[in-house]
Amino acid sequence: MEKRSYIGIGLLGLGVVGSGVAKVLWKRADMFAEQLGLPLSLRKVLVRHPAKHRELEVEPRLLTTRFDDVLADPTVDIVIEVMGGESPAKDYIQQSLVRGKHVVTANKEVIAKHGPGLLALAREHCRELRYEASVGGGIPLIAPFQQDLAANRISAIHAIINGTTNYILTRMANEGMDFSAALRQAQELGYAEANPANDIEGTDAAYKLAILATLAFRSQVRPQDVFQEGISRLGARDFRYARELGYTIKLLAISKEKNGAVEARVHPVFIPSDSLLAQVGGVYNAVQVEGDLVGKVIFYGRGAGAEPTSSAIMADVLAISRNICCAGLAPAWLRSDRNKAIIPVADIETRFYLRMNVADSPGVLAQIARILGENQISISSVIQKENDRQAQTAEIVIMTHPARESAMQKALKEAAALEVVREIANFIRVEG
Ligand code: NAP
Ligand code: HSE
């Protein structure tokens, strides 16, 4: 058998996501080659308008407007479909699989409508069809449903799975921004679908919920099975009343299994403002899953945009590539001769919260501040909390700016030795 010198990629689409993928392929070429033992090589890129000005420059010889050029290229092992829409994307995916190419797609419409048939076709041709990027942008969801949660009976999914509408709702709720300005910004940031009505009316979320519910309940849930209502009838007054009543408005995708039947719906809901899902703002998505063994788990991250989506697509490409070129071998990055140094805790920098009981007399704070200063620790705030008149002590709480652990340990020892310090009651590291 001829020895491979690379894994060939055919890219269908060079828009927001396609450009993101091409950029990652180019910028992370060395990292991927090291992981796989072989480079990934971009062989063809299908577009509609080859002459269009693009921020990302792709070698003109790679661009084509004819899908057949990708299909007939024997050097293309994996086709990445990021064109969007049902047609001709579905047909191109089918043809690629039949020709013996693996396929990675971000296309939720095609997967929601035709996933089971396409997966059967992939199996028939011993090829992989992966679609991690179709739901939740960069958040790993498909793989966890297929693998990590496989031992569970899932009872419910509550999800924010459309970045565009969550971005719009967040801006409207927090800043009183007007609907069309918020939509425009979401489009400029590359979150919205080619037809943003699909986002606004809940269609995009319905496709994604159909994909997740099908995996969760191991039973096909089709897009038309999902009840769907969008966000276009929400007005400023609704946001105001929601806030007054202690609620936040979110477009939720909900699916549950009850007595062997499945409910699936996408619509705006009032959720308590202190719930975790209510805290999910902007383009962030979150999917809460309830399994009988695992309990509740939440997957959270950026749900749209070129980079997060490229992260999911490349994860699929790398998984397929590993199967192509080094099945069964330990991953190349696990090399003990390349281990990175472990930073000793003494060298780690964090902020600190200090609570001390001190003598309630003049000049005490100055003595403590001097010790901190001599150890290069800068104070960010001080509060004197309580006085104990009988014991003539006061409790002070100090927050610091980032400081080295070793410096803080030394300062604490010195402070504890001060006559005026009765007790270092606690010190807690502050993250974030
Ligand atoms: P986009 O910016 O509209 O890009 C689409 C690309 O596909 C363009 O380069 C276009 O060519 C090409 N294309 C479309 N139809 C074609 C055809 N018939 N023949 C040849 N080329 C064609 O779309 P996108 O935002 O990157 O989204 C792509 C896919 O990823 C969609 O399925 C979307 O749902 C999914 N997705 C998007 C995001 C996101 O944040 N944007 C996140 C997750 C998943 P031209 O450039 O020549 O017009
Ligand atoms: N239009 C989609 C969204 C892109 O806003 O979530 C990610 O699938």
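Note that ligands are numbered from 1 as they come in the structure, with each ligand's atoms numbered from 1 the same way.
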Visitor: Out of S87, A106, G20, indicate the one that has the non-hydrogen atom closest to atom 30 (O) of ligand 1.
Guide: A106
Visitor: Within the 4.0 Å heavy-atom shell around L14, which atoms of ligand 1 are there?
Guide: 6 (C), 8 (C), 9 (O)
Visitor: Check if R54 has a non-hydrogen atom at a distance under 4.0 Å from any atom of ligand 1.
Guide: yes
Visitor: What I want to check is whether the side chains of R153 and S155 have a donor and an acceptor closer together than 3.5 Å.
Guide: no
Visitor: Hey, is T309 touching ligand 1 through its side chain, its backbone, both or neither, going by heavy atoms under 4.0 Å?
Guide: side chain
Visitor: Out of E81, H49, R48, E109, whose heavy atom is nearest to atom 13 (N) of ligand 1?
Guide: R48
Visitor: Heavy-atom contacts with V82 under 4.0 Å: which atoms of ligand 1 show up? List them by number with element.
Guide: 5 (C), 6 (C), 7 (O), 28 (C)
Visitor: Would you call G137 a ligand 1 contact, heavy-atom distance under 4.0 Å?
Guide: no
Visitor: Please identify which atoms of ligand 1 are closer than 4.0 Å to at least one heavy atom of G190.
Guide: 39 (C), 40 (O), 41 (N)
Visitor: Please determine which of E109, E86, Q94 meets the side-chain hydrogen bond (donor to acceptor under 3.5 Å, both in side chains) test together with H114.
Guide: E86
Visitor: Identify, for atom 3 (O) of ligand 1, the protein heavy atom at the shortest distance, and state residue, atom and that distance.
Guide: A194 CB, 4.4 Å
Visitor: If the cut-off is 4.0 Å to any non-hydrogen atom of P88, which atoms of ligand 1 fall inside it?
Guide: 18 (N)
Visitor: Under 4.0 Å from any heavy atom of A133, which atoms of ligand 1 are there?
Guide: 43 (C), 44 (C)
Visitor: Report all protein residues having a heavy-atom distance below 4.0 Å to some atom of ligand 2; order the list by chain, then number.
Guide: K108, N162, G163, T164, Y191, A192, E193, D199, D204, K208, G303, A304
Visitor: Give yes if a backbone or side-chain nitrogen or oxygen of A192 is under 3.5 Å from a nitrogen or oxygen of ligand 1, and no if not.
Guide: no
Visitor: For atom 48 (O) of ligand 1, which protein heavy atom lies nearest, and how many Å away is it?
Guide: K52 NZ, 3.0 Å
Visitor: Quick one: sort the F67 and Y92 rings into parallel, tilted or perpendicular, breaks at 30° and 60°.
Guide: parallel
Visitor: Please report whether ligand 1 has a polar contact with V16, defined as an N or O pair separated by less than 3.5 Å (distance criterion only).
Guide: yes
Visitor: Checking N198 against E193: is there a side-chain donor and acceptor pair closer than 3.5 Å?
Guide: no
Visitor: For atom 12 (C) of ligand 1, which protein heavy atom lies nearest, and how many Å away is it?
Guide: G13 CA, 3.8 Å
Visitor: Could you pull out all donor-acceptor pairs under 3.5 Å where a side-chain atom in residues 341-352 meets a protein atom, sequence neighbours excluded?
Guide:
unit_1: D347; atom_1: OD1; unit_2: R404; atom_2: NH2; d: 2.7
unit_1: R351; atom_1: NE; unit_2: T400; atom_2: O; d: 3.0
unit_1: R351; atom_1: NH2; unit_2: S380; atom_2: OG; d: 3.3

Visitor: Would you say A306 has any N or O atom under 3.5 Å from an N or O of ligand 1, going by distance alone?
Guide: no
Visitor: Please say whether K108 places an N or O atom under 3.5 Å from an N or O atom belonging to ligand 1.
Guide: yes
